[in-house]
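Contents: one structure, followed by commentary.
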Amino acid sequence: MRIGFGYDVHRLVEGRPLILGGIEIAWEKGLLGHSDADVLIHALMDAMLGAAGLGDIGRHFPDTDEKYKGISSLLLLEEVLKLVKSKNYNIVNIDATIIAQKPKLMPHIPEMEGKIASSLDIEPGSINIKATTNEGIGFVGREEGIAAMVVVLIE
């Protein structure tokens with residue numbers, strides 16, 4: 001068994017959709033990034049790659065490569081799954097935390113868990129997503145960005 005940890009953060013800006021956990025959430029701001037900037041999926045990919053000893057997403061999907069511009073992070077997640085499986089590992093469970101002052105994310109968590117489970121071909125019960133605020137402190141608390149942390153267990 002191996003454990004991986006992933007962290008990602010992106011700035012909130014106007015004029016972009018808010019994509020988290022593979023779903024679009026109606027809100028006034030979205031996350032800025034080369035791809036769809038889904039911090040939850042990015043942290044998950046880094047955790048998976050780390051657990052399997054395969055580096056990080058920057059190595060596999062550099063933000064200097066135009067073919068990844070605007071791409072759905074779910075497509076990249078499926079590629080990461082192939083890499084992990086090529087090392088004969090399977091996902092046991094995923095535990096994730098999204099840190100966002102706004103919007104409220106709890107109503108969206110079951111859909112995120114379902115979307116991720118479907119992309120990884122695992123049971124939704126193998127995924128646990130939590131959301132918290134930063135109590136008004138720091139860049140997250142000032143609503144300047146959203147962060148995510150993920151731990152993955154593979155065997």
S119: side-chain hydrogen bond (donor to acceptor under 3.5 Å, both in side chains) partners, not counting sequence neighbours
none
By salt bridge (charged side-chain N to carboxylate O under 4.0 Å, His left out) - contacts of D95 (at least two apart):
K130
Partners meeting side chain to side chain contact (heavy atoms under 4.5 Å, CB included) with E144 (sequence neighbours left out)
F139, R142
Report the residues that fulfil salt bridge (charged side-chain N to carboxylate O under 4.0 Å, His left out) with R2, sequence neighbours left out, ordered by chain and then residue number.
none
Listed by chain and number, what are the salt bridge (charged side-chain N to carboxylate O under 4.0 Å, His left out) partners of E78, not counting sequence neighbours?
none
Among L20, V13, I19, find the residue that satisfies the side chain to side chain contact (heavy atoms under 4.5 Å, CB included) test when tested with L31.
L20
For N93, is the CG atom crowded, meaning more than 12 foreign heavy atoms sit under 6.0 Å from it?
yes
Sorted by chain and number, sequence neighbours left out, salt bridge (charged side-chain N to carboxylate O under 4.0 Å, His left out) with E24 holds for none
Can you find a heavy atom in the side chain of T97 that is under 4.5 Å from one in the side chain of V150?
no
Going through the checks in order, is the side chain to side chain contact (heavy atoms under 4.5 Å, CB included) test met by E123 and S126?
CA-CA 6 Å; E123 293 297 317; S126 298; 4.1 Å; yes
Within-4.5 Å side-chain heavy-atom neighbours: L120 and I94:
yes
Step-by-step side chain to side chain contact (heavy atoms under 4.5 Å, CB included) determination, D8 to M45
CA-CA 10 Å; D8 194 35; M45 290 188 292; over 6 Å; no
Determine whether Y89 and M48 make a side-chain contact, defined as any pair of heavy atoms from C-beta on separated by less than 4.5 Å.
no
Quick one: does K85's side chain get under 4.5 Å of L81's, heavy atoms only?
yes
Checking side chain to side chain contact (heavy atoms under 4.5 Å, CB included) for the pair N134/Q101: CA distance, chi angles, key distance, verdict?
CA-CA 6 Å; N134 228 29; Q101 199 64 37; 4.1 Å; yes
Got a salt bridge between K102 and E143, using NZ or NE/NH1/NH2 to carboxylate O under 4.0 Å?
yes
Residue pair D36 / S73, side-chain donor-acceptor N/O under 3.5 Å:
yes
Using side-chain heavy atoms (C-beta onward) and a distance below 4.5 Å, is L76 in contact with I57?
no
Between D63 and H34, do the side chains contain an N or O donor and an N or O acceptor separated by less than 3.5 Å?
no
Reference residue I98; test side chain to side chain contact (heavy atoms under 4.5 Å, CB included); the match among I129, I109, T132, V140:
I129
Flag the pair K69 and E66 as a salt bridge only when some basic side-chain nitrogen lies within less than 4.0 angstrom of an acidic carboxylate oxygen.
no
Report the residue from L18, L105, L40 that forms a side chain to side chain contact (heavy atoms under 4.5 Å, CB included) with I146.
L18
